[in-house]
Each structure stands twice: as structure tokens, then as C-alpha cells.
Protein chains: 2
Amino acid sequence: MRVTIKSIAEAVGVSRGTVDRALNNRSGINHEIAEKIKKTAEEMGYRPNLAAKALVKTKVVKKIGIILNSEGNEFFDEVKRGIEDSLQDLCEFGLEYEWRTMKGYDDKREEELMEELEGLGISGLVMTPINSERIIRKIHEFHKKNIKVVAINSDVLNTERIAYVGCKHKKSGTVAAGLFGLMSQGREETVAIVTGSKLNLALERRERGFVETIEKDYPNIRIVDILGNDDSDELSYEVTERLLKEYPNLDGLCFLGAGVSGGIKAVPSHRNANFKVVTFDLIEAVKKGLSNNLIAATILQEPYKQGFDGVQIMGKYLLFQQMPKNEKNYTELSIITKYSM
Amino acid sequence: MRVTIKSIAEAVGVSRGTVDRALNNRSGINHEIAEKIKKTAEEMGYRPNLAAKALVKTKVVKKIGIILNSEGNEFFDEVKRGIEDSLQDLCEFGLEYEWRTMKGYDDKREEELMEELEGLGISGLVMTPINSERIIRKIHEFHKKNIKVVAINSDVLNTERIAYVGCKHKKSGTVAAGLFGLMSQGREETVAIVTGSKLNLALERRERGFVETIEKDYPNIRIVDILGNDDSDELSYEVTERLLKEYPNLDGLCFLGAGVSGGIKAVPSHRNANFKVVTFDLIEAVKKGLSNNLIAATILQEPYKQGFDGVQIMGKYLLFQQMPKNEKNYTELSIITKYSM
DNA sequence: CTGAAAGCGCTTACAG
DNA sequence: CTGAAAGCGCTTACAG
């Protein structure tokens, strides 16, 4: 026989409403009785039926807000796919949603979007938070208004966001370094780094991971230069071309962030026989580069999962009041070559 | 206003029962009316509420069976974790389950387990099917009795299993080959292969992927030998030791399947400076090998996801009558080093 | 502080 | 072939 609110009510000799109050820690219930009910439920092995919970919730429709600073950044295409699939799932349980996207790292703009979504009555927000005082304050405000926040792709510390889904950025840099290490097989080599926007704090940590690992584990490899491309493909091309002219015997190049599409165009004319390019993520230009053997490998961080799980965590909270099992949900870092594409 | 069975019934001027019959293609309904109802539902943008569907299903509890040939095979630990998490999810919607595990590739034993679970009244079975006539027949029988089957980790073709979740085995071999290619950087090198049980057909395809890729894309690499270890760590040790004695200048070794734990023990004493070992999956011995720099990299196939998604697909079918979106659900192949562990 | 009743959206016997 | 009614397990006003 299944254990339900009803069977617990009968066992304890109270009404179903009272059992509900006790089990969900609602106010206005005699403490003693609440304890007794909880104990009995535990003993009887009660497991709430989520289908029933969710069905009740459809009376008042909840809305999830989404904010991504994804404009002009192909990386987020997969994140979006994950979000869309996840939302479709949740819509079948009666949730609604509202999307906003933006470009770059303008925290003022992101704050505006948060306010806009708040005005539309969201109960939860899944976002790529910009790491600034302004956004931290706003998340705190949302918390006090009981609008839950889930951070995806990059975290923002010391806030009340209920969960983070994304990779460990510093670690991602060590993976790239390790790959150059493997390919060098102990020979003396030189590599250069092209990084993206200086406003992207995650890239800073990735760079640190790369540099520290090379210094610590691969003394045979020397990093000759680190240049930024500001997430611009044009600038990326220029910077890369300059690098390759200046270091004609360079053995490798690592693109830490965006701008691969532009930067990779500068490679073919300059490369020596064993020139190795490593990138991050899997945008179209990277796929092409892998196919052409212009790029040796790229490092992924499960973008689809970041979107999918971020939204699922929010949905489970809103539909079933389930807090996420883990506050930090790190996605795996993996190396992809043309064969595993 | 939300579109429900009720609002459709009112719009068309029939009862809710009739709408249900039409929308779920049940028998005993006037064809014309069914068509009209479907059309109206479509126009009104009807989306069934899964919470309600699932709640009704709790009247008759459905049971999922699980069969894994996982005994003595550490690879399956992660698959199991995925299955367990997925089952826990589904139990909250009122599903039940029954587990069976077995060792190796004994199809007679697997058939027995299938019959045993059938006796316990399962409505669906998630399994690692052994690719044999006997199992194919049994899956066919299950199909006729309306017990759905989902294959995980390895597929069995020409059966009515509703979905497969697992990697492309041949492709997994090409990834390993590509990795040796990258590490060779064009130099002349020799590698050897240690494969697992000959009864594991997936390994055969993996081997083929490896060999064909080396031959096609890396003429600088020569495969000097291919030996089997029968999934036995003892044999794996012997075989590996023999290989390394016979080819003292060997540059690389690839373990295609199980037996890494035994085989890797033979490596330290023999290896030359640039000796590279590549393995598959991430059992404890591989983690240790990566940490020790004995193993350069290992190739993963998302075992957790294989278990999790396999069970989810079954659950969604049983709870909501949702057929899987895709029949074949390929998990990603990725290269992991000590830095991305 | 507690209980009785209605209702979330769907499906399932049952009667006709 | 069709409809009216009951019920899945939970939550939410409402009355007391």
C-alpha cells in the first residue's frame, strides 16, 4: 500500500490539511502534533508524489526568467539549446518563461534586464551574471523578494544565488596546458596565448591556470607572449598575424576565448610543420579548423548541460520546492579532436 | 487561459472522455469527430499537462527492470550511478524498479534474468544487451508482450528496442588513434594494442576504428601487435609484459577495454622516455595511472549519462507514453588527461 | 490551531 | 460510439 498524505492523516488521526502543514513546515500548527506527524511520515517511509505536487502548482503559473550575455557569441548557441530543451520539459508541467539576451559585459544593461523581468513577475531567474557590485546587489535584492537566482557559465561569489552550473575556469586552463605538454613530448617549444575580453573574469582565471601549469609541469615549454583580442575577430586576426611574424618559429598557439574565427585566418600562411593550435569550445570556425587540421584540439565545458541543468534546477525548485542537491555543479572539461567532433 | 481537455471539450461540444479518446488515439470513437477534436486541439495550441498524466498513472504502478552485465567491471560503476539517480527521480512520480546484474557475456544467463524480471511484472527493461540470437529473440518476444526495451552501452540491431543510449564504438577507436597521431607529431613511431574479451563485439569495432585511422591518417605510426586479455587482469599483465619485452623500443600502448589495472603494472619497468599509454574509461587504475603520468590520456563515453538517460527514456515512456525523440542517442567521446580528471 | 471541501488536468471504468 | 462521474495525491482558501 502506498504511503500518502491521506494514509498518514489516518494513522495520526488528523486531517490531510494538517499533515500538509506539518510536512511542509507551514505556520499555524501545533508544534507537538507537527513533530508527531513528521515522525510518523518518516516511519511509514513517506515519499511525496511529485506529479501531484506539480499538478497543484499549475493553479498559479510560475514564470522563469532567462538572461544570457550571448549576443555575438557563438559559444552560447549550445547553452541556448540546452535551455530550450529544458524549458520545453518544464512547460509540460505548466511553467512559463521569458528570455532576454545582451551583448558583452555591461552590468548596467544586465541590471535593467533583471528589473524588466521582475516587472513581468518572474519567480526565478537563470542568468550568466556579470561579476560586479551592481549585479551582486541586485541578486541580493532578488533574494529578499524571494526571486531565486541560478548562475550559469560563470559564478558570482558571495551572493545568495541558489546554484551555479559551469566549469572550473582555472582548471580549464590547466587542461590546455597539459595538452601542449603531451604534444611536446619533452622537446623545447614555444607557445603564445591569445585571450579575449579583459572584462571576462573567467578568462583571467583560465589564463592563470594555463601559465601556472606550463611553469610548474612543463619547463620545456616557454610562453613567449599573451595578447588580448577584446572578443573581436578583426583584432584577433591582427594580433595573431603580428604574433606569428614576430615569432616565426613558434610551435603553438592557444586561443583562450572568443575571436578564434578571426585569429585562425592568420595561421595557415605562417605555420611551420608542427605548429599546433588549441582552442576552447566548439563554434563553427573551430569545427572547420579541426577538420582542416589547422586546430589540433579544443577544450569543451559541456555548454548544453550548463543551460539544461541550470534551468532544470530552477524548475525543480519552482515546481516542487526542491532545493538543488549541490550548490556548485561543475561541468566536465574534455578535449575534443577532429575524430571526436 | 490555459488550454485543457476541458476547454477543448467545450469548444467542440463533446465530453472530456471523448477528447481523451481522440487525442490519445484510443479505439471506439467516431473517426470524423476524432479528426475534428485533433484539429481543434492543434488550433488551440493544446499541450498536455504531464503532471496530470503522471498522477493518473500512479493508480497502477509500473515497474522498470534493469539488467547490467556489470559484475567485476568497474566501468559500470558510473553507469550505475546514473541509473540510480534517474530511478530516484522517477520513483518520485510513482514508478518502481527491479535490478539484476551479471558477469560477462553469457546470453543464456541474460535470458534467464529477462524471464525473471518478466515474472515480476515489469513494463519496461533497460539493459546492456548481449548481441546474440537468443537475446534478439527474447527482445522480440518482449516487444510482442508490450514490454519496452531500452539498450544502453551497446546496441543490438534489428530488434524492436525503442532506443539506444551509448557511444559509437568504431568512432571511439578513431579518437584513440587520433590521439597517438597528435602525440607523434609526424615522427616514426610504433604502437601496440591490448584488447579485452573477444565476446565483446563493441571492442571489435573499436579496434577497427583504431586500425583504420592509423592506416589512413598516420602512415608514420606502425601497429606492431594486437593481443587480447580476455578481460582478465592477470592475463593482461602477462600479455603486456610480453609485448614490452618483445618490442623494447615501443612508443605507445593502447588498452581498448578492461584489464588496464593488470596491464598497467607491466609498464613502469619497461618504458622508454616518451612511452605513451592511452586507455578507455576512467576506472580507479586509470585515475592512478594518469596521476602518475603512466597514462597519457583516456577516452570517455559518458557512462553516467548512458545510465541516466536510458532510464529516463523508459520512465518518460511509462509515465507519459512519450516515445523517445531519437532512437539512437549517441553519447559524446572525449579525451581526458590528468588535468581534466 | 484544525478540518472539510474543492480543485489542479487527466484517465478510467461504467452505464447507456 | 458517447457521456457523467470518480479518482490519482496534493494544496488552498474558507469556516470555525
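Order of the sequence lines fixes the chain letters, A, B, ..., with proteins taken first and strands second; residue numbering starts at 1 for each chain. Note that this is a predicted model, so its numbers are computed, not measured.
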Output the rounded distance in Å from CG (A:N24) to P (D:dC10). 10 Å
Determine, for B:E332 against B:K305, whether the closest basic-nitrogen to carboxylate-oxygen distance falls under 4.0 angstrom. no
Nearest-angstrom distance from the residue atom NZ of A:K62 to C1' of C:dC8: 15 Å
Nearest listed nucleotide, side chain of B:A52, among C:dC10, C:dT2, D:dG3: C:dC10
Determine whether a donor-acceptor pair (N or O, by modelled atom type, separation under 3.5 Å) exists between the side chain of A:T128 and the backbone of A:N69. yes
Looking at A:K328, is its backbone amide N or carbonyl O close enough to the side chain of A:N326 to form a donor-acceptor pair, meaning the two atoms are under 3.5 Å apart? no
From C:dC10, D:dC1, D:dC10, pick the nucleotide closest to the side chain of B:N30? D:dC1
Would you call A:R161 and A:D155 a salt bridge, using N to O less than 4.0 angstrom? yes
Contact list for DNA chain D against residues 317-324 of chain B - heavy-atom distance below 4.0 Å: none
Runs of at least three Watson-Crick or G-U pairs with DNA chain D, cut-off 3.5 Å: C:1-3 with D:14-16, C:5-12 with D:5-12, C:14-16 with D:1-3
Phosphate OP1/OP2 of C:dC8 contacted by B:N49 side-chain N/O (<4.0 Å): no
Using atom types as modelled and distance alone, determine if a side-chain donor or acceptor of B:Y164 lies under 3.5 Å from a backbone N or O of B:N153. yes
Polar side chain donor-acceptor pair, B:N25 to B:K38, under 3.5 angstrom: yes
Student check: side-chain heavy atoms of A:I8 and A:V3 closer than 4.5 Å: yes
Atom CE of B:M44 and atom P of C:dG9: how far apart are they, to the nearest Å? 13 Å
Can you tell me if the side-chain N/O atoms of B:S15 get under 4.0 Å from OP1 or OP2 in D:dG3? yes
N/O-N/O pairs, protein side and nucleotides 12-16 of chain C side, under 3.5 Å:
none

Roughly, in whole Å, what's the span from CG in A:L55 to C1' in D:dT11? 10 Å
At 4.0 Å (heavy atoms only), tell me whether A:F93 reaches a base, stays on the sugar-phosphate, or touches nothing. nothing
Strictly below 4.0 Å: does A:T18 bring a side-chain N or O up to OP1 or OP2 of C:dG3? yes
Return the value, rounded to whole Å, for the distance between atom CG of A:L23 and atom P of D:dG9. 15 Å
In terms of the angle between their ring planes, are B:F93 and A:F93 parallel, tilted or perpendicular, with boundaries placed at 30° and 60°? tilted
Send over the distance from A:N25 CG to D:dT11 C1', rounded to a whole Å. 15 Å
Residues A:E111, A:K108: salt bridge by 4.0 Å N-O rule: no
Stacked cation flag A:K168 on A:Y330, 6.0 angstrom / 45 deg: yes
pair B:L50-A:D89: side-chain heavy atoms closer than 4.5 Å: no
I need the CG-P distance between A:L50 and D:dT11, as an integer number of Å. 10 Å
Hey, which sits more toward the 5' end of DNA chain C by its nearest nucleotide, B:P48 or A:G28? A:G28
Quick check: are there more than 12 heavy atoms from other residues, nucleotides or ligands sitting under 6.0 Å from CZ of A:R47? no
Atom NZ of B:K53 and atom P of D:dG9: how far apart are they, to the nearest Å? 18 Å
